[in-house]
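Here's the structure, in structure tokens; my notes come after.
Note that the structure is predicted; figures quoted are calculated from it, not measured. Numbering of residues begins at 1 and proceeds along the displayed sequence.
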Amino acid sequence: MARNPIQFQPGLSLPAFLDQYGTEEQCRAALYRYRWPKGFVCPECRNTTCCQLSRGLYQCHRCHHQTSLTAGTIFHGTHLPLTTWFLAIYLLTQRKSGISALQLSRELGVAYNTAWKLKHKLLQVMHERNQGEALSGRIEIDDAYLGGERPGKRGRGAEHKFPFVAAVQTDEEGHPQRVQLRRVSGFTLAEIRRYAQQAIAPGSQIISDGLGCFRAFDTSTYVHVRHITGGGRASMANPEFNWVNTLLGNVKNAITGTYHAIRGQHAPRYLAEFEYRFNRRYDLKAMIPRFLTVAARTPPMPYRFLKMAEPYA
């Protein structure tokens, strides 16, 4: 059997990464390129000329506003060297199953709390980038839950489980193109309508099971095809849901295999991590430049906001 060229692509090796981003000067030069691809732009007056001060600040020639390379970005106010940030970006983007904050702290040589904050800021970049993307064409969709086994009620409505929608866009040959993993407050008509307005392009063909909330797609905006599966093995064996079932298995294995536990308010970020990597799997070498472009445009995320993350997205 021929090897899947996407799965077996070489990606960016660690020696190649260190050759490109191994020093602080290289990281600063790269961040400058992705923040100001056409040259310096003053964040206050949009002037394009400046001088660089001895402290590493850039001073606008017109309004004399001073700014640093990291100010106003996800790196804002950091006391860590950029080489540490770039290595964390490498570890998060090049590994198929992600990396826990504990393991990240060991590989970066920083305290656990530092690694947790760094990781969640980078996941926030992924989360915000994903929000601007909508699926289109043929889309398999299903309901799912995150969360470990706990005593008490089972199934829908169980405590300590976080509902989310899984959707897979396929091409004409039936191959998966892009995915969405979005936390929802529950599987109600109103919530699925809200999700659809934000994440599904008009005219798409939606393939769903018999769950009542998916009747939100029974409008002239979409082509809704319902397959009543009855759950259990019959649902898993239905070829119409082949890729969304495969996706859910991979997601749950990746998350439960990497993290001992996750909190509900952070679930959108963990889901965004998997979604971000999957949708950009075609070119692993380009993931770091693409990530830096978005990171340079993502506003600061202080720790108090990291803890107060929105539970739904």
State, with a plain yes or no, whether a side-chain heavy atom of H61 is found less than 4.5 Å away from one of C51.
-> yes
Minimal non-hydrogen separation, C27 against L82, with atom names = CB-CB, 3.7 Å
Pairwise side-chain contact, W116 with L306, heavy-atom cut-off 4.5 Å (strictly under) | yes
Would K117 count as a cation-pi partner of Y303, with NZ or CZ less than 6.0 Å from the six-membered ring centre and within 45° of the ring normal?
-> yes
Would you say the side chain of W85 lies within less than 4.5 Å of the side chain of K121, judging by non-hydrogen atoms?
-> yes
Output yes when R28 and E25 qualify as a salt bridge under the 4.0 Å nitrogen-oxygen rule, no when they do not.
-> no
Nearest-0.5 Å distance that lies between atom CG in L104 and atom CG in L87 = 8.0 Å
Without swapping roles, check the side chain of H175 against the backbone of D171 for a donor-acceptor pair under 3.5 Å.
-> no
Polar side chain donor-acceptor pair, Q103 to S100, under 3.5 angstrom = no
Is a donor on one side and an acceptor on the other found under 3.5 Å between the side chain of E24 and the backbone of T83?
-> yes
Crowded around K285 NZ? As in, over 12 foreign heavy atoms under 6.0 Å?
-> no
Rounded to the nearest 0.5 Å, how far apart are SG of C42 and NE2 of H64?
-> 10.5 Å
Does K161 reach the side chain of L146, with side-chain heavy atoms less than 4.5 Å apart?
-> no
State, to 0.1 Å, how close A101 and A115 come at their nearest heavy-atom pair, and which atoms those are.
-> O-CB, 3.4 Å
Side chain to side chain contact (heavy atoms under 4.5 Å, CB included) between I200 and F217, intermediate numbers included | CA-CA 10 Å; I200 306 295; F217 294 105; 4.2 Å; yes
Is the shortest heavy-atom distance from the side chain of H65 to the side chain of P43 under 4.5 Å?
-> yes
What is the ring orientation for Y58 with Y32, classed by angle as parallel under 30°, tilted 30 to 60°, or perpendicular over 60°?
-> tilted
Kindly compute the distance separating OG1 (T70) from CZ (R35), expressed to the nearest 0.5 Å.
-> 7.5 Å
Please report the shortest heavy-atom distance between F241 and I207, naming the atom on each side.
-> CE2-O, 3.7 Å
Say whether Q124 and R269, considering side chains only, have a donor N or O and an acceptor N or O under 3.5 Å apart.
-> yes
Would you name the heavy atoms of I89 and T93 that are closest together and state the gap between them?
-> O-OG1, 2.8 Å
Report yes or no: do T170 and W243 form a side-chain donor-acceptor pair below 3.5 Å?
-> no
Does any N or O in the side chain of Q20 come within less than 3.5 Å of the main-chain N or O of F17, such that one atom is a donor and the other an acceptor?
-> no
Taking all non-hydrogen atoms of both residues into account, name the closest pair between S204 and S136 and its distance.
-> OG-CA, 3.2 Å
Taking it one step at a time, do E275 and R182 satisfy salt bridge (Lys or Arg N to Asp or Glu O under 4.0 Å)?
-> CA-CA 9 Å; E275 178 182 331; R182 303 297 166 86; 2.9 Å; yes
4.5 Å side-chain heavy-atom contact, T84 and L118 = yes
Does the T246 side chain pair with the main chain of N242, one donor and one acceptor, at a distance under 3.5 Å?
-> yes
Can you check side-chain hydrogen bond (donor to acceptor under 3.5 Å, both in side chains) on Q197 and R193, steps first, answer last?
-> CA-CA 6 Å; Q197 291 173 356; R193 286 193 185 105; over 6 Å; no
Roughly how far, to the nearest 0.5 Å, is OG1 of T293 from CZ of F291?
-> 10.5 Å
Exam field: side chain R297 to backbone Y34, donor-acceptor pair closer than 3.5 Å = yes
Before giving the answer on side-chain hydrogen bond (donor to acceptor under 3.5 Å, both in side chains), spell out for T188 and E191 the whole-Å C-alpha distance, their side-chain angles and the decisive distance to 0.1 Å.
-> CA-CA 5 Å; T188 64; E191 184 67 357; 5.4 Å; no
Indicate yes or no: does E140 engage R178 in a salt bridge with an N to O separation below 4.0 Å.
-> no
Can you tell which of T73, L122, V125 makes a side chain to side chain contact (heavy atoms under 4.5 Å, CB included) with T298?
-> V125
Q205 side chain reached by I139 side chain, heavy atoms, under 4.5 Å | no
Working for ring-ring contact (aromatic ring centres under 6.0 Å, His included), residues F187 and Y145 | CA-CA 11 Å; F187 295 112; Y145 290 85; 5.6 Å; yes
Stepwise side chain to side chain contact (heavy atoms under 4.5 Å, CB included) test for L181 and L247 | CA-CA 10 Å; L181 303 166; L247 168 69; 3.9 Å; yes
K119 and E273: CA distance, side-chain angles, deciding distance, salt bridge (Lys or Arg N to Asp or Glu O under 4.0 Å) verdict = CA-CA 10 Å; K119 175 181 171 65; E273 178 184 10; 3.6 Å; yes
Take D143 and F164, measure what side chain to side chain contact (heavy atoms under 4.5 Å, CB included) needs, and give me the verdict at the end.
-> CA-CA 6 Å; D143 60 300; F164 70 97; over 6 Å; no
Is there a donor-acceptor pair under 3.5 Å between the side chain of Y90 and the backbone N or O of L18?
-> no
Any chance the side chains of Q59 and Q66 put a donor and an acceptor closer than 3.5 Å?
-> yes
Hey, could you give me the CD1/CD1 distance between I141 and I206, rounded to the nearest 0.5 Å?
-> 6.0 Å
Under 3.5 Å donor-acceptor, R194 side chain and A190 backbone = no
Are a donor atom and an acceptor atom from the side chains of S208 and H224 found within less than 3.5 Å of each other?
-> yes
Taking the side chain from R280 and the backbone from M287, do they hold a donor-acceptor pair closer than 3.5 Å?
-> no
Student check: side-chain heavy atoms of R226 and D209 closer than 4.5 Å | no
Answer yes or no: is there a donor N or O on one side and an acceptor on the other, between the side chain of S105 and the main chain of L102, under 3.5 Å?
-> yes
Using modelled atom types only, decide if a donor and an acceptor are shared between the side chain of Q26 and the backbone of D19 within a distance under 3.5 Å.
-> yes
Give the C-alpha distance, both sets of side-chain angles, the deciding distance and a yes or no for side chain to side chain contact (heavy atoms under 4.5 Å, CB included) between H227 and V225.
-> CA-CA 7 Å; H227 293 269; V225 180; 3.5 Å; yes
Under a single-linkage definition using a 4.5 Å side-chain heavy-atom cutoff for Ile, Leu, Val, Met, Phe, Trp and Tyr, are V184 and L189 assigned to the same hydrophobic cluster?
-> no
Co-membership, hydrophobic cluster, residues L69 and L53, 4.5 Å side-chain = no
Interatomic distance, Y276 atom OH to E133 atom CD [nearest 0.5 angstrom] | 8.5 Å
According to a 4.5 Å side-chain heavy-atom criterion applied to Ile, Leu, Val, Met, Phe, Trp and Tyr, with indirect links allowed, do L57 and F40 form part of one hydrophobic cluster?
-> no
Tightest non-hydrogen contact, residues Y195 and A167, listed as OH-CB, 3.6 Å
H120/Y270 aromatic ring centres below 6.0 Å | yes
